Amino acid sequence: MSTGMQQVRFGQTGLRVSRLCLGTMGFGSSAWKGWVLDEDKVLPILERALDLGFTFFDMADWYSNGRNEEVVARNLLKRVARDDLVLATKVFYPMSEAANDRGLSRKHIMASVDRSLRRMGTDYIDLYVIHAFDPDTHIEETLEALHDLVKAGKVRYLGASTMYVWQFVKMNYTARLHGWTPFVNMQCQYNLLYREEEREMMPYCQEEGIAVTTFSPLARGFLTGATQTARTAHDIYLNFYGDEIDVEIARRVCELSLRRGVTPAHIATAWVAGSPRVTSPLIGADAPDQVDVAVAAAALELTAEERAHLEAPYRPRDEINDYNAVRRPRALGKH
């Protein structure tokens, strides 16, 4: 395993993670979603990521109905010592048809963490992330359960993902009020086509010293012109993008990539990685060479003028606060 990649401080914690995090939603079982890679195709990608210095890997119990954690964590642990890895996984989405096998109740959290640990083949999780906000469970119940996991040594740090700012602020305030473990991480979507987190979430995190991890730097491939792939054929989430402003921003990405002599993926990823608001961008990969592209992109510095040109067409659009649902397919005022 290489140690060449920069290791950055994770918010105000003492934890250090690789400058890039490998997002692994696409690793596990093609039976779950048609674009997901099975284990034999995942192994070369994991090996390339380790060769390039990745130490931070993001998973979720919901991905491939648990198969994701098995494929990713167990194969990493065959190659690297546990203490040299920062493993993240998530809890919230339904894992079966059972009434209590979903959400952020104490019952589901306690059962889920033990199942994740067994699948991953480890006795602790570095970063345990609530995948969304649960409106059906009192936050005190959720927060005390999460705190108990930290006290039991099953979890080192807590993170959250994809919710409104007021929900995240309320949860962290309540945790501190009761002396429970607060969240040290927010994971949110962020790319040239979706920048709503710049308004309140990112400034809040910056003020509080909370690490920000971001996903979907390529906007599901829209910024690279990849409109006909295994992913787009199955991903209804792509419907969120596609109006004339999105097309114009994608055109500017391609235009700049030609001028710089790189691919559109380099430009789109460089824009995210170059943001001072982002601690560690999550990148995805369908093949080992895409890991190389992401690493090269993170080292690519865009000028202030280039960034401004890419950003100029943007306008406010509906917030996404549920990773598993798209509320409306177009921007505000474009219905």
Side-chain angles (χ1 to χ4, degrees), residues 2 4-8 17-23 25-26 44-45 48-54 56 58 188-198 202 212-232 235 237-238 240-315 317 331:
S2 168
M5 186 179 294
Q6 179 188 11
Q7 302 291 305
V8 298
V17 302
S18 53
R19 179 68 181 89
L20 296 176
C21 173
L22 186 64
M25 184 180 181
I45 301 173
R48 188 58 182 154
L50 291 172
D51 288 344
L52 293 174
F54 281 74
F56 190 13
D58 178 80
C188 51
Q189 181 170 187
Y190 188 56
N191 55 58
L192 276 162
L193 303 187
Y194 186 80
R195 294 167 48 200
E196 296 311 299
E197 307 295 0
E198 292 178 357
M202 287 177 165
V212 174
T213 51
T214 58
F215 60 87
S216 197
L218 308 183
R220 298 301 204 275
F222 192 94
L223 289 168
T224 68
T227 57
Q228 297 296 325
T229 67
R231 174 88 186 243
T232 59
D235 193 351
Y237 203 88
L238 199 61
F240 187 74
Y241 305 118
D243 68 12
E244 66 274 13
I245 295 177
D246 293 340
V247 171
E248 171 59 18
I249 294 172
R251 187 194 68 78
R252 293 186 182 206
V253 169
C254 292
E255 179 185 65
L256 181 56
S257 73
L258 290 173
R259 194 157 62 243
R260 281 295 203 104
V262 295
T263 69
H266 283 87
I267 299 299
T269 304
W271 182 85
V272 174
S275 170
R277 304 177 178 93
V278 178
T279 305
S280 184
L282 274 68
I283 63 97
D286 294 333
D289 65 293
Q290 292 182 3
V291 183
D292 291 85
V293 168
V295 172
L300 178 65
E301 292 188 17
L302 302 179
T303 67
E305 292 76 15
E306 288 170 335
R307 294 183 69 87
H309 181 67
L310 294 172
E311 296 167 3
Y314 191 78
R315 76 304 191 198
R317 66 189 313 160

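Fair warning: this is a prediction, and the values are worked out from it, not measured in the lab.
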Worksheet item: What is the distance from atom OG1 of Thr263 to atom CG of Leu258, rounded to the nearest 0.5 Å?
Response: 10.5 Å

Practice prompt. With rounding to the nearest 0.5 Å, note down the distance linking CZ in Arg195 to OG in Ser275.
Written response: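 Arg195 atom CZ to Ser275 atom OG measures 9.5 Å (nearest 0.5 Å).
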
Worksheet item: Taking all atoms of both residues into account, what is the closest heavy-atom pair of Ala285 and Val291, and its distance?
Response: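 Closest pair (atom of Ala285, atom of Val291, distance): CB-CG2, 3.7 Å.
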
Item to complete: Report yes if some heavy atom in the side chain of Arg220 is under 4.5 Å from a heavy atom in the side chain of Leu193; otherwise report no.
Response: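 When only atoms from C-beta onward are counted, Leu193 and Arg220 do not touch, as no gap falls below 4.5 Å.
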
Worksheet item: Between Ser18 (side chain) and Cys21 (backbone), is there a donor-acceptor pair under 3.5 Å?
Response: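 The answer is no, because no donor-acceptor pair under 3.5 Å joins these two groups.
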
Item to complete: Could you tell me whether a side-chain N or O of Arg19 sits under 3.5 Å from a main-chain N or O of Ala299, the two making a donor and an acceptor?
Response: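 Checked: no pair found.
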
Worksheet item: If we only count heavy atoms from C-beta on, is the Ile245 to Arg315 side-chain gap below 4.5 Å?
Response: yes

Fill in: Pairwise side-chain contact, Tyr314 with Leu192, heavy-atom cut-off 4.5 Å (strictly under)
no

Worksheet item: Looking at side-chain heavy atoms only, is the closest gap between Leu310 and Leu302 below 4.5 Å?
Response: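 Result yes, sub-4.5 Å side-chain heavy-atom pair found.
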
Discussion item. As an exercise, state the distance from CG of Asp51 to CE of Met5, rounded to the nearest 0.5 Å.
Written reply: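 Output value for this atom pair is 11.0 Å.
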
Discussion item. For a quick test of reading the model, state the closest non-hydrogen atom pair linking Ala297 to Ala265 and the distance between them.
Written reply: CB-O, 4.4 Å

Worksheet item: Can a salt bridge be assigned to the pair Arg252 and Glu255 using a cut-off of 4.0 Å between side-chain N and carboxylate O?
Response: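 Looking at Glu255 together with Arg252, the answer is no, because their closest N to O distance does not fall below 4.0 Å.
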
Discussion item. Any salt bridge linking Asp243 with Arg317? Criterion: basic side-chain nitrogen under 4.0 Å from a carboxylate oxygen.
Written reply: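 The answer is no: the pair does not qualify as a salt bridge.
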
Worksheet item: Roughly how far apart are Leu223 CG and Arg251 CZ, rounded to 0.5 Å?
Response: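 One gets 13.5 Å once the value is rounded to the nearest 0.5 Å.
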
Worksheet item: Side-chain contact, heavy-atom cut-off 4.5 Å: Thr269 with Val293?
Response: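 Result no, sub-4.5 Å side-chain heavy-atom pair not found.
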
Worksheet item: Do you know which two heavy atoms are closest between Pro264 and Ser257, and how far apart they sit?
Response: N-CB, 3.6 Å

Worksheet item: Backbone N or O of Tyr241 within a donor-acceptor pair of the Asp246 side chain at under 3.5 Å?
Response: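 It does not hold such a pair.
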
Fill in: Set of residues satisfying side chain to side chain contact (heavy atoms under 4.5 Å, CB included) with respect to Pro288, sequence neighbours excluded
Pro44, Ile45, Arg48

Fill in: side-chain contact (heavy atoms from CB on, under 4.5 Å) assessment of Arg277 paired with Tyr190
CA-CA 10 Å; Arg277 304 177 178 93; Tyr190 188 56; 3.7 Å; yes

Worksheet item: Leu218 versus Asn191: any side-chain heavy-atom pair under 4.5 Å?
Response: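 Of all side-chain heavy-atom pairs linking Asn191 with Leu218, none is under 4.5 Å.
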
Worksheet entry | Close side-chain approach of Leu256 to Trp271, heavy-atom, < 4.5 Å |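 Side-chain contact under 4.5 Å: no.
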
Item to complete: Locate the shortest heavy-atom distance separating Gln189 from Tyr194; write the atom from each residue and the value.
Response: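 In terms of heavy atoms, the two residues are closest at O-CD2, 3.6 Å.
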
Practice prompt. Could you tell me whether the side chain of Thr224 and the main chain of Gly221 form a donor-acceptor pair under 3.5 Å?
Written response: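 At least one qualifying donor-acceptor pair exists.
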
Item to complete: May I ask you to decide whether Glu306 forms a salt bridge with Arg260, counting only side-chain N to carboxylate O separations under 4.0 Å?
Response: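 Judged by the 4.0 Å cut-off on N to carboxylate O distance, Glu306 and Arg260 do form a salt bridge.
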
Item to complete: Mind checking the CG-CG spacing from Leu282 to Leu22? Nearest 0.5 Å is all I need.
Response: 8.0 Å

Worksheet item: Got a second to check how far Met202's CE is from Glu196's CD, nearest 0.5 Å?
Response: 11.0 Å

Worksheet item: Under 4.5 Å between any side-chain heavy atoms of Phe56 and Ser280, yes or no?
Response: yes

Practice prompt. Return the minimal non-hydrogen interatomic distance between Val253 and Ala268, and the atom names on each side.
Written response: CG1-N, 4.3 Å

